[in-house]
Asks: 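Dropping the structure in here first, questions after.
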Amino acid sequence: MQAIPYGKVACYGQIADLAGLPGRARLVGKALGAAPKQGWRDQAVPWHRVINAQGKISFAANSEHFQQQKKLLQDEQVVVIAGKVKLSDFQWQPDLAELLFVLQE
DNA sequence: GCATTGACTCGAC
DNA sequence: GGTCGAGCCAATG
């Protein structure tokens with residue numbers, strides 16, 4: 001099981017697909033919400049690195065969750081503008097990530 | 001078992 | 001490129 005690398009983000013559909021749940025993006029969101037923010041597999045769940053297909057944070061711009069996620073992403077050098085992330089630069093590409101992971105090992 | 005709801009996605013405007 | 005509406009699937013009541 002690999003997690004989304006530092007400084008990268010992924011959309012719900014992508015996660016769902018990787019999780020073997022194609023078309024169940026909403027379930028991913030629900031799962032993330034239900035999952036403990038910490039203590040899963042002895043690590044914090046990088047829920048803040050998960051955004052929707054439009055590259056936007058799926059929370060109301062005035063909600064606490066939104067600001068929290070935005071802050072966390074920015075702390076990871078991910079540019080967040082108007083609640084949006086530049087997917088072309090920060091979207092996680094599983095193939096490449098997996099390749100790097102293999103090479104690293 | 002049916003109706004509602006939701007951290008979504010895609011196509012159309 | 002941003003917004004709107006319809007579609008999808010599971011979980012919940």
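Quick note on labels: first sequence line is chain A, next is B, and so on, each numbered from 1.
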Asks: What is the distance from atom CG of A:Leu73 to atom NZ of A:Lys8, rounded to the nearest 0.5 Å?
Replies: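 Result: 13.0 Å between the selected atoms.
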Asks: Counting distance only, does the side-chain N/O of A:Asn52 pair as donor-acceptor with the main-chain N or O of A:Gly55 below 3.5 Å?
Replies: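 Yes, A:Asn52 side chain to A:Gly55 backbone: donor-acceptor pair under 3.5 Å.
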Asks: So do A:Gln77 and A:Tyr6 actually touch side chain to side chain, heavy atoms under 4.5 Å?
Replies: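 Result yes, sub-4.5 Å side-chain heavy-atom pair found.
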Asks: Any residue in residues 57-65 of chain A with a heavy atom nearer than 4.0 angstrom to DNA chain C? Just list them by number, or reply none.
Replies: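 Correct list: empty, so none.
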Asks: Tell me: NZ of A:Lys86 to P of C:dG2, nearest whole Å?
Replies: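 It is 13 Å, rounded to the nearest whole Å.
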Asks: Before you tell me yes or no, could you show the steps for A:Leu72 and A:Trp47 under side-chain contact (heavy atoms from CB on, under 4.5 Å), namely the whole-Å CA-CA distance, both residues' side-chain angles and the distance that decides it to 0.1 Å?
Replies: CA-CA 10 Å; A:Leu72 288 171; A:Trp47 61 273; 4.1 Å; yes
Asks: Does A:Val50 offer a backbone N or O that forms a donor-acceptor pair with the side chain of A:Gln69 under 3.5 Å?
Replies: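 The answer is yes, because a donor-acceptor pair under 3.5 Å joins these two groups.
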Asks: Measure the spacing between CD1 of A:Ile4 and CD of A:Gln14 and express it to the nearest 0.5 Å.
Replies: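 CD of A:Gln14 is found 8.0 Å from CD1 of A:Ile4.
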Asks: In whole angstroms, how far is the C1' atom of B:dA7 from the NZ atom of A:Lys70?
Replies: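 Taking NZ of A:Lys70 and C1' of B:dA7, I get 18 Å after rounding.
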Asks: side-chain contact (heavy atoms from CB on, under 4.5 Å) for A:Val79 and A:Lys86? Distances and angles first, verdict last.
Replies: CA-CA 7 Å; A:Val79 178; A:Lys86 198 174 182 181; 5.6 Å; no
Asks: Side-chain heavy atoms nearer than 4.5 Å, only ILVMFWY residues, links allowed to pass through others: does that put A:Leu18 and A:Leu87 together?
Replies: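 Yes, one cluster joins them.
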Asks: Any idea which of B:dT9, B:dA7, C:dG7 is nearest the A:Ala25 side chain?
Replies: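 The listed nucleotide nearest to A:Ala25's side chain is B:dT9.
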Asks: Should A:Phe66 and A:Ile81 be regarded as members of a common hydrophobic cluster, given that ILVMFWY residues are connected when their side-chain heavy atoms come within less than 4.5 Å of each other, either directly or indirectly?
Replies: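 Both belong to a single hydrophobic cluster.
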Asks: To the nearest angstrom, how far is A:Asn52 atom CG from B:dG6 atom C1'?
Replies: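 In whole Å, B:dG6 C1' lies 13 Å from A:Asn52 CG.
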Asks: For A:Val85 and A:Ile57, what are the C-alpha separation, side-chain angles and deciding distance, and is it a side-chain contact (heavy atoms from CB on, under 4.5 Å)?
Replies: CA-CA 8 Å; A:Val85 173; A:Ile57 295 174; 5.6 Å; no
Asks: Main chain of A:Pro22, side chain of A:Arg24: is a donor-acceptor contact present, judged purely on distance under 3.5 Å?
Replies: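 Yes, A:Arg24 side chain to A:Pro22 backbone: donor-acceptor pair under 3.5 Å.
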Asks: Of all the nucleotides listed (B:dT9, B:dA7, C:dG2), which has the minimum atom distance to the side chain of A:Lys84?
Replies: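 Taking heavy atoms from C-beta onward, the closest nucleotide is C:dG2.
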Asks: Looking only at the side chain of A:Gln69 (C-beta and beyond, no hydrogens), which of the listed nucleotides B:dG6, B:dA7, B:dT9 gets closest?
Replies: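 Selected nucleotide (nearest to the side chain): B:dA7.
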Asks: Please list residues of residues 9-23 of chain A whose heavy atoms come under 4.0 Å from any atom in DNA chain C, ordered by number; otherwise none.
Replies: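 Those residues: none at all.
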Asks: A:Arg24 near the nucleic acid: base, sugar-phosphate alone, or nothing, with a heavy-atom cut-off under 4.0 Å?
Replies: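 Touches sugar-phosphate only.
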Asks: Just the table, please: protein N/O against nucleotides 11-13 of chain C N/O, every pair under 3.5 Å.
Replies:
residue, atom, partner, partner atom, Å
C:dA11, O4', A:Lys30, NZ, 3.4

Asks: Just the rounded figure in Å: distance from P of B:dC10 to NZ of A:Lys56.
Replies: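 Rounded to the whole Å, the gap is 14 Å.
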Asks: Can you figure out which of B:dC10, C:dC8, B:dA7 approaches the side chain of A:Ala53 most closely?
Replies: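 The nucleotide sitting nearest to the side chain is B:dC10.
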